Amino acid sequence: MILAIETSCDDTCVALITPDGEIRANVISSQHVHDRFGGVVPEIASRQHLSLLPVVVSQALAVAGATLDDVTLVAATRGPGLVAALLVGFSAGKAIAAARELPFAAVDHLHGHLAASFLAPARFEPPFLALIASGGHTLLADVRDHGPVQQLLGQTLDDAAGEAFDKGARLLGLGYPGGAALEALAAEGDPGAFPFPTARRMQSLDFSFAGLKTALLYKVRELGEPETQRRRADLAASYQHAIVETLMIRVRRALEATGATRLAIGGGVAANGALRAALQQLGVELQIPAAELCTDNAAMIASAARYTPASPFPAYLELDVYSSGERPQ
Ligand code: KG4
Ligand code: ZN
């Protein structure tokens with residue numbers, strides 16, 4: 001079995017999957033200690049990972065009905081993410097592997113979001129177009145094999161889609177992270193109430209959410225406190241509608257430009273019901289992983305590990321994590 005650890009942000013995640021991609025355990029312990037700061041505090045996240053990880057590893061083994069003797073490959077997220085948070089899971093993964101002289105796979109987090117689509121029972125095989133929308137990334141990629149994201153067609157020029165959700169949620173007085181809370185509030189509102197911008201005139205396949213965020217800020221100021229409170233659900237629904245449209249415009253364009261007839265989505269924003277519903281209307285063959293495989297989890301990291309060259313013991317002991325940018329070789 002493959003044991004994988006994901007600690008790139010504020011979720012402490014451990015999963016066990018079989019070598020052919022069947023999930024045996026996928027334990028996610030979300031740290032709610034950051035809510036009152038309005039964002040993740042790296043130092044607090046890493047301390048939380050440190051205290052939660054041993055418990056989450058034991059729990060995952062118990063759920064899988066396995067022991068470390070059943071593990072043949074250990075994997076952990078190497079980056080991108082918060083360095084202090086990544087280091088905890090990455091070091092723990094290396095230590096578990098080294099203690100048993102097992103091979104170790106250093107997995108890229110975005111490869112993980114993509115690889116959620118390769119898990120049983122709904123395996124989706126390349127080639128396909130992928131939309132990855134998370135708190136840190138928004139990108140469209142032409143996926144030709146099971147490896148890390150290579151052929152980028154477009155990406156965000158400013159905020160990520162999840163960040164746009166989180167910033168909008170904050171303006172509407174919702175907690176952090178705000179995507180799911182904004183979705184819940186939007187369910188009671190009218191998506192047509194306020195016409196927010198979708199950067200439609202941008203001709204490329206790139207995304208931009210900064211104008212949208214500013215439009216909400218100005219609308220909230222214009223309405224004033226009591227009216228904003230009264231129209232909160234309409235504001236949330238219209239704002240969500242604009243984010244979904246921003247994504248959908250580029251997805252439609254990319255399908256047209258590439259001639260692709262198959263589409264997979266991943267990342268936390270892919271858990272959004274309004275986006276999932278809009279995608280159903282496209283009429284293409286669609287892969288929408290279960291919501292718990294879209295938001296950060298370790299099953300997707302284990303899945304990506306199947307397509308990541310593993311280092312033999314003890315070569316991986318010198319590997320380090322990375323926060324963003326280019327993947328080191
Ligand atoms: O992939 P993810 O769990 O972590 C990162 O790699 O960033 O994505 C987290 C992001 C957050 O911005 C969160 O607000 C957003 O995904 N998110 C959602 C929903 N669930 C999580 N956004 C919209 N609707 C949701 N239901
Ligand atoms: Zn993620």
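What you see is a predicted model, and the numbers here were worked out from it, not measured in a lab. Both ligands and their constituent atoms are indexed starting at 1 by order of listing.
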Close N or O approach ([X], ligand 1; < 3.5 Å):
| X | result |
| --- | --- |
| Gly268 | yes |
| His113 | yes |
| Gly162 | yes |
| Phe165 | no |

For ligand 1, which atoms have a heavy atom of [X] less than 4.0 angstrom away?
| X | value |
| --- | --- |
| Ala180 | 19 (C), 25 (C), 26 (N) |
| Gly179 | 14 (O), 18 (C), 19 (C), 22 (N), 23 (C), 24 (N), 25 (C) |
| Gly136 | 7 (O) |
| Thr295 | 3 (O), 21 (C) |
| His109 | 6 (O) |

As a test of reading the structure, name the N/O/S atom of Asp296 that is nearest the Zn ion (ligand 2).
OD1
Output yes when Glu245 and Arg252 qualify as a salt bridge under the 4.0 Å nitrogen-oxygen rule, no when they do not.
yes
Give a yes or no on whether a salt bridge exists between Glu256 and Arg253, defined as a side-chain N under 4.0 angstrom from a carboxylate O.
no
Would the number of heavy atoms belonging to other residues, nucleotides or ligands and lying under 6.0 Å from CZ of Arg262 be above 12?
yes
Would the number of heavy atoms belonging to other residues, nucleotides or ligands and lying under 6.0 Å from CZ of Arg170 be above 12?
no
Would you say Glu292 and Asn26 are linked by a side-chain donor-acceptor pair, where the criterion is simply a distance under 3.5 Å?
no
Of all the atoms in His137, is at least one N, O or S atom closer to the Zn ion (ligand 2) than 2.8 Å?
no
In one Ile/Leu/Val/Met/Phe/Trp/Tyr side-chain cluster, 4.5 Å: Val88, Ile96
yes
If two hydrophobic side chains count as joined below 4.5 Å and joins carry through other members, does Ile23 share a cluster with Val74?
no
Which residue and non-hydrogen atom of the protein lie closest to atom 9 (C) of ligand 1, and at what distance in Å?
Gly135 N, 3.7 Å
Where the Zn ion (ligand 2) is the corner point, what angle links NE2 of His109 with NE2 of His113, to 10°?
100°
Only one of Leu286, Leu247, Val244 clears side-chain contact (heavy atoms from CB on, under 4.5 Å) with Leu279; which?
Leu286
Strictly under 6.0 Å, is that where the ring centroids of Phe104 and Phe90 end up?
yes
